[in-house]
Asker: 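What follows is a structure written as structure tokens; I'll ask about it next.
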Amino acid sequence: MTDLTALVNPRGQAEVHWSADRADRLALAQRADWSHLTALEQLWPQLADRHGEGLALDAPHAKTPEQWSFQALDGAILRAAAGFAALGVVPGDVVALFAENGPRWLLADQGLMRAGAADAVRGSGAPLAELSYILRDSGASALVVESAALLERLSPQLSARAGLKFVVLLEGASPAAEALAIPCLGWDALMELGATSPLPPLPPGGPERLATLLYTSGTTGEPKGVPLSHANLLHQLHTLGVAVAPNPGDRVLSVLPIWHAYERTAEYFLLACGCRQSYTTLKHFKADLQRVRPDYMISVPRLWEALLAGFEDALAAMPPVRRRLLTAALGLSRFHCSHWRQAQDQTLVAEPALARLAGGLLALVSWPGHRLASQLFWPKVRQQLAGGCLGTAISGGGALAPHVDGFFEAIGIELLVGYGLTETSPVLSCRRSWSNRRGSSGRPLPGTAIKVVDAERGTTLGWGQRGRVLAKGPQVMAGYYRKPEATAKAIDADGWFDTGDLGHLLRDGTLVLTGRAKDTIVLSSGENIEPGPLEEQLVACFLIEQVMVVGQDRRSLGALIVPRLESLATYAEELGLAPPQAGAEGEAASAEAALLKALTGRLNRRLADRPGARPDERLGGVALVAPFSIDNGLLTQTLKQRRDRIGERDRAAIEAIYGR
């Protein structure tokens, strides 16, 4: 039951101040109470007391594979803090930390916080220009890097950095002293120094002390430093228990970059629950799903899409009888789940009583078949996809396509979508297991306010009306680092942060996102189109691996498509057309005009089937393009498309769509 009197604007405007409803309070009452903490580094001694020699971290793919118990982790953090202090780190310092996820990253991160410093973080694979910019912009007094190879790349910039106290390498031996005019230590040397040095005093400053500087990767423009305080991060630790309820010893698989706010906050939270975290990489991800058999997993939509694609590939390779049986079972389970949600009034519209009754009857009729499939098929599918123990997972960092969401619901994996930004630590809202509206971003976290305003006038809109999403709460940054003009654009005089996202609010406080304001495509007719929902519909087609909708200032929309070549070849054969030709590695496939025309027609029929589809939401043409990846710079580290870079690379393909 929702505490409506505590959350909605009484004037009927779409503004929510969420103080936690009864279900939230019951969920949080089952979690450990960390409200007495004033800084994040205070967490580890208490976890050591609670969980002792219980396994906290497992890093089998590190250059030096290692495991850490909660007890050992706490001791190592203290030694790292003492070592950093002995090297000259003092409260208020900022230290750059350029490395990938792993135990040593966490030890360095928390060791610096225990010494009173903050870290400015980025991945070791980031472009050199970006790392150099962060080093300058953050005013870093020292540097912690992944390896000697990265240090060598950075060394020209370091020689120009007056006042840099030292460099620490997490992996490998440090270079000779004469090779770098700055003291340089390996990780073992730092820990040995810490073991023989006094522990620094507890840092002053309280919860508003700077904890970290995260630099927005974004999809356009220069990175901006986002300063997050201990209070910002602790809010997430206090409130994420409304979404998931892990138990001590539960297994967690970590694959996302740790410098991203989403993975970092999730890691702090899950370790605070006593979970056992295993680190993996994209290369080892599928194998580690079977090795670790995670109980919980935090990931981005692209990885859930990849798991679904793996299922579809396996399905296509099955004998026809088995393939038809599984396809029918999946369709039945999807049907049952969607109508059960309708009966529970858990859709994106207010379901009238008659519709809820009809949904309940259809769910009841389909329940025996779904139950049978849940016993015969879906346990094995879950085992093959994710090890068999994954019951609840969190998707964030981007919109989750409805067909992906519905697939995991049908096979019995609860996907809970969270929403937020780096500037909000990052979670603003999330779906709950008891209020899991597919297609939504859930309700706000306790203590969080969200409202929807007119994009041009700034006036608060009504329930269900689409506009810009603004947020306010303990997790929202105070402002961009040393960028007052950017801060003034993002945060108004009343403290409302402009997320840059478009969406609307339902009357129960649920947020539904519809796109990014800056991604809006304006056709030459003046019609505004949000590409996100269209791309979600298109990528659900078995012929498509990746897609980006284009059309700014054009007469119609177009689509840049990375095809599934085998499926597209089969489709062409069915139509009696020439199959597509694969390109060289990293290059686009090619197809004759007749096949592109047929593909355009098929995709337009998919778009026309969308509820609420508009006449201008159709494609004037398509082009086949090379894949978008992190390696070629067209995806961010959290697998979001860099739309400007894709548009630049595929400019000729876009012109070909419009016949120029």
Side-chain angles (χ1 to χ4, degrees), residues 20 24 27-44 46-48 50-51 54-57 70 73-74 77 101 103 105-106 109-110 113 121 207 211-212 214 228-279 294-300 390-397 414-422 424-433 442 444-448 473-475:
D24 280 357
L28 293 177
Q30 305 303 312
R31 313 311 310 153
D33 181 10
W34 303 115
S35 60
H36 57 285
L37 299 182
T38 59
L40 195 61
E41 73 272 1
Q42 297 167 10
L43 175 66
W44 311 103
Q46 299 189 42
L47 291 179
R50 288 174 183 238
H51 306 297
L55 187 60
L57 306 176
F70 284 96
L73 183 61
D74 177 48
I77 288 171
N101 207 356
W105 190 100
L106 181 63
D109 170 58
Q110 290 305 298
M113 289 190 191
V121 300
T212 189
L214 294 138
L228 298 180
S229 69
H230 285 266
N232 292 145
L233 298 175
L234 287 171
H235 172 268
Q236 306 280 283
L237 205 66
H238 300 329
T239 58
L240 286 177
V242 300
V244 291
N247 295 310
D250 279 353
R251 298 178 301 275
V252 178
L253 190 60
S254 172
V255 65
L256 297 180
I258 188 57
W259 50 263
H260 192 275
Y262 173 43
E263 171 68 20
R264 188 173 181 181
T265 298
E267 184 169 314
Y268 293 150
F269 171 74
L270 291 168
L271 287 171
C273 295
C275 292
R276 166 184 172 170
Q277 176 161 291
S278 292
Y279 297 95
D295 299 291
Y296 288 92
M297 195 164 69
I298 311 294
S299 196
V300 293
L390 186 65
T392 303
I394 307 294
S395 180
E414 188 88 55
L415 271 185
L416 302 174
V417 172
Y419 163 67
L421 303 93
T422 303
T424 61
S425 305
V427 184
L428 287 169
S429 68
C430 64
R431 289 168 13 187
R432 278 69 154 168
S433 59
L445 289 185
T448 304
Q475 71 272 57

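These numbers come from the heavy atoms of this one structure, side chains and all, not from hydrogens, waters or symmetry mates.
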Asker: Compare all side-chain heavy atoms of Leu237 with those of Leu40 and state whether any distance is below 4.5 angstrom.
Answerer: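 Yes - at least one pair of side-chain heavy atoms lies under 4.5 Å apart.
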Asker: Quick one: list whatever passes side chain to side chain contact (heavy atoms under 4.5 Å, CB included) with Ala211, sequence neighbours left out.
Answerer: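 Ala211 satisfies side chain to side chain contact (heavy atoms under 4.5 Å, CB included) with Met113, His230, Leu233 once adjacent residues are dropped.
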Asker: Quick check for you: to the nearest 0.5 Å, what is the distance between Leu214 atom CG and Leu228 atom CG?
Answerer: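 The CG atom of Leu228 is 5.0 Å from CG of Leu214, to the nearest 0.5 Å.
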Asker: Let's go through Ser278 and Arg251 carefully: what are the C-alpha distance in whole Å and the side-chain angles of both, what is the deciding distance for side-chain contact (heavy atoms from CB on, under 4.5 Å) to 0.1 Å, and is it a yes or a no?
Answerer: CA-CA 7 Å; Ser278 292; Arg251 298 178 301 275; over 6 Å; no
Asker: Measuring from Thr239:OG1 to Arg31:CZ, what's the distance to the nearest 0.5 Å?
Answerer: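 Between atom OG1 of Thr239 and atom CZ of Arg31 there are 12.5 Å.
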Asker: Would you give the length of the straight line joining atom CD of Glu414 to atom CD1 of Ile394, rounded to the nearest 0.5 angstrom?
Answerer: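 Atom-to-atom, Glu414:CD and Ile394:CD1 are 9.5 Å apart.
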Asker: Is a side-chain N or O of Gln236 found less than 3.5 angstrom from the main chain of Val427, in a donor-acceptor match?
Answerer: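 Checked: pair present.
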Asker: What pair of heavy atoms forms the shortest contact from Leu415 to Arg431, and how long is it?
Answerer: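 Closest approach of Leu415 to Arg431, heavy atoms only: O-NH2, 3.0 Å.
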Asker: Once you measure the plane-to-plane angle for His51 and Phe70, does it fall in the parallel (<30°), tilted (30-60°) or perpendicular (>60°) bin?
Answerer: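 Geometry flag for Phe70 against His51: tilted rings.
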Asker: If you look at every heavy atom in Ala32 and Arg50, which pair is closest and at what distance?
Answerer: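 Ala32 and Arg50 have their closest heavy atoms at CB-NH1, 3.6 Å.
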Asker: Does the pair Leu240 and Leu270 meet the rule for a side-chain contact (heavy atoms from CB on, under 4.5 Å), with working shown?
Answerer: CA-CA 10 Å; Leu240 286 177; Leu270 291 168; over 6 Å; no
Asker: How far apart are the C-alpha atoms of Thr448 and Gln475, what are their side-chain angles, what is the distance that settles it, and do they pass the side-chain contact (heavy atoms from CB on, under 4.5 Å) test?
Answerer: CA-CA 8 Å; Thr448 304; Gln475 71 272 57; 2.9 Å; yes
Asker: Could you give the distance from OG (Ser425) to CG (Leu234), rounded to the nearest 0.5 Å?
Answerer: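 That separation rounds to 10.0 Å.
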Asker: Just by modelled atom types, is the Pro474 backbone N or O under 3.5 Å from a matching donor or acceptor in the Asn232 side chain?
Answerer: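 At least one qualifying donor-acceptor pair exists.
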Asker: How about Leu73 and Leu106: do any of their side-chain heavy atoms sit closer than 4.5 Å?
Answerer: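 Touching, per the 4.5 Å side-chain cut-off.
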Asker: Would you compute the distance between atom CG of Leu445 and atom OG of Ser429 and round it to the nearest 0.5 angstrom?
Answerer: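 Here the rounded value is 7.0 Å.
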Asker: Which atom pair, heavy atoms only, marks the closest approach of Ala48 to Asp74?
Answerer: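 Minimum heavy-atom contact is CB-CB, 3.8 Å.
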Asker: Is Thr392 close to Ser433 at the side-chain level, that is, under 4.5 Å between some pair of heavy atoms?
Answerer: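 In short, these two side chains do not touch, never coming nearer than 4.5 Å.
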Asker: Begin from the C-alpha positions of Trp34 and Leu43 and carry the test side-chain contact (heavy atoms from CB on, under 4.5 Å) through to its verdict.
Answerer: CA-CA 8 Å; Trp34 303 115; Leu43 175 66; 3.8 Å; yes
Asker: Does Leu390 reach the side chain of Leu253, with side-chain heavy atoms less than 4.5 Å apart?
Answerer: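 No, too far: nothing below the 4.5 Å cut-off.
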Asker: Main chain of Ala245, side chain of Tyr296: is a donor-acceptor contact present, judged purely on distance under 3.5 Å?
Answerer: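 The answer is yes, because a donor-acceptor pair under 3.5 Å joins these two groups.
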Asker: Give a yes or no answer on whether the side chain of Asn101 reaches the backbone of Pro257 with a donor-acceptor pair at less than 3.5 Å.
Answerer: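 Such a contact is absent between Asn101 side chain and Pro257 backbone.
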Asker: Looking at side-chain heavy atoms only, is the closest gap between Asp250 and Cys273 below 4.5 Å?
Answerer: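 A side-chain contact under 4.5 Å is absent here.
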Asker: Less than 4.5 Å apart, side chain to side chain, heavy atoms only: is that true for Asp109 and Tyr268?
Answerer: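 SC-SC contact between Asp109 and Tyr268 confirmed.
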Asker: For residues Pro446 and Leu28, report the shortest heavy-atom separation together with the two atoms involved.
Answerer: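 Smallest heavy-atom distance, with atoms named: CG-CD1, 4.1 Å.
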Asker: Any heavy-atom pair between the side chains of Val255 and Ser299 that's under 4.5 Å?
Answerer: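 The answer is yes, as the side chains (C-beta and beyond) meet within the 4.5 Å cut-off.
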Asker: Can you classify the ring geometry of Tyr262 versus His260 as parallel (below 30°), tilted (30 to 60°) or perpendicular (above 60°)?
Answerer: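 Plane angle over 60°, so perpendicular.
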Asker: Report the residues that fulfil side chain to side chain donor-acceptor pair (under 3.5 Å) with Arg432, sequence neighbours left out, ordered by chain and then residue number.
Answerer: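 For Arg432, the residues satisfying side chain to side chain donor-acceptor pair (under 3.5 Å) (neighbours in sequence not counted) are Asp24.
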Asker: From Leu55 CG over to Arg276 CZ, what is the distance, rounded to the nearest 0.5 angstrom?
Answerer: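 Rounded to the nearest 0.5 Å, the CG-CZ separation comes out at 4.5 Å.
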Asker: List the atom of Phe269, the atom of Val244, and the distance in Å for their closest heavy-atom pair.
Answerer: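 Heavy-atom minimum between the residues: CE2-CG2, 3.6 Å.
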Asker: Ignoring hydrogens, what is the shortest heavy-atom contact between Leu47 and Ala272? Give both atom names and the distance.
Answerer: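 Closest pair (atom of Leu47, atom of Ala272, distance): CD2-O, 3.6 Å.
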Asker: Do the side chains of Thr265 and Pro426 get nearer than 4.5 Å, heavy atoms only?
Answerer: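 Yes; the side chains approach each other to less than 4.5 Å.
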